[in-house]
Amino acid sequence: KEGFENEAKLMKYTVLETPAFNEEVQAIPGLGMNAALKVFAFDDSEGSVSDIFKVNAGYVVATVSNIVKPGIKKYEDVKAQVKNTVLAKKKLEKAASMLVNVRSKMGDYGDANIAKTVCPSAKVDTTAEFTNTGFVPGVGREFAFSEYSSKGEVNKWSKPIKGSLGAYLIRVKSRTN
């Protein structure tokens, strides 16, 4: 990668490195689907430089920068990732437990602004209309949110909903088929 960065800058190309991936992936992270590029990544040796491949974002010349052997990773190699995952889960649990208190003060049909008085860090917002594809405007790809929205009782506050991005109290104002 380092040897190509200066030339790429001069030619106004972008140099990026994908995270490690295995042969079973459908799409190469950051590049998309290209079967020939995936074959190159696994059939060539470290340091190999590819021919030009067409991908959704344009054209790619790839190099095999590192080969990760399959197997169990060393704790030192995943320590930061494990720590971040545990912290995220703990934050989500704390947010959900705070929402239990908020929900008890709001009741089934209370004003959402009560949440700000009970928990000043709470965000109170309304989404635009969305479909049940998992993407919620202002929230992101949050399947727990869209799933509840498609089935929850209209005009009644939900119990705390834990998603992958956060914890929510949801009141569905209307729903269409």
Just say parallel, tilted or perpendicular for the rings of F130 and F145, cut-offs at 30° and 60°.
tilted
Membership question, hydrophobic clusters at under 4.5 Å side-chain separation (ILVMFWY): are [Y] and [X] in the same one?
| X | Y | answer |
| --- | --- | --- |
| V154 | I161 | yes |
| V61 | M33 | no |
| F40 | V55 | yes |
| F21 | L31 | yes |
| V100 | L169 | no |

To the nearest 0.5 Å, what is the distance between CG on D77 and CD1 on I72?
13.0 Å
So CD of E129 and OG of S174: to nearest 0.5 Å the spacing works out to 6.5 Å
Residue that, paired with E142, satisfies side chain to side chain contact (heavy atoms under 4.5 Å, CB included) out of Y148, F135, Y168:
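Looking at Y148, F135, Y168, the match for E142 under the side chain to side chain contact (heavy atoms under 4.5 Å, CB included) is Y168.
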Within-4.5 Å side-chain heavy-atom neighbours: K162 and E93:
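When only atoms from C-beta onward are counted, E93 and K162 do touch, with a gap below 4.5 Å.
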Measure the shortest side-chain to side-chain distance between E153 and V172 over non-hydrogen atoms and say whether it is less than 4.5 angstrom.
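No, every pair of side-chain atoms sits at 4.5 Å or beyond.
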Strictly distance-based, threshold 3.5 Å: is any side-chain N or O of K38 a donor or acceptor partner for the main-chain N or O of E23?
yes
Exceeds 12 heavy-atom contacts within 6.0 angstrom, atom CD1 of I52:
no
Quick check: closest heavy atoms across S146 and N132, and the distance to 0.1 Å?
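Smallest interatomic distance, heavy atoms only, reads O-OD1, 3.2 Å.
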Please give me the minimum heavy-atom distance between A144 and G163, naming the atom from each residue.
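Where A144 meets G163 most closely, the heavy atoms are CB-CA, 3.8 Å.
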Please output the side-chain donor-acceptor pairs of residues 103-128 that fall under 3.5 Å, not counting sequence neighbours, one pair per line with the distance.
from : atom 1 : to   : atom 2 : distance (Å)
R103 : NE     : W157 : O      : 3.4
R103 : NE     : S158 : O      : 2.9
R103 : NH1    : G107 : O      : 3.0
R103 : NH1    : D108 : OD1    : 3.3
R103 : NH2    : D108 : OD1    : 2.6
R103 : NH2    : W157 : O      : 3.0
S104 : OG     : N101 : O      : 2.7
D111 : OD1    : N113 : N      : 3.1
K116 : NZ     : P120 : O      : 3.4
K116 : NZ     : A122 : O      : 2.7
T117 : OG1    : I114 : O      : 2.7

Are a donor atom and an acceptor atom from the side chains of S45 and S48 found within less than 3.5 Å of each other?
yes
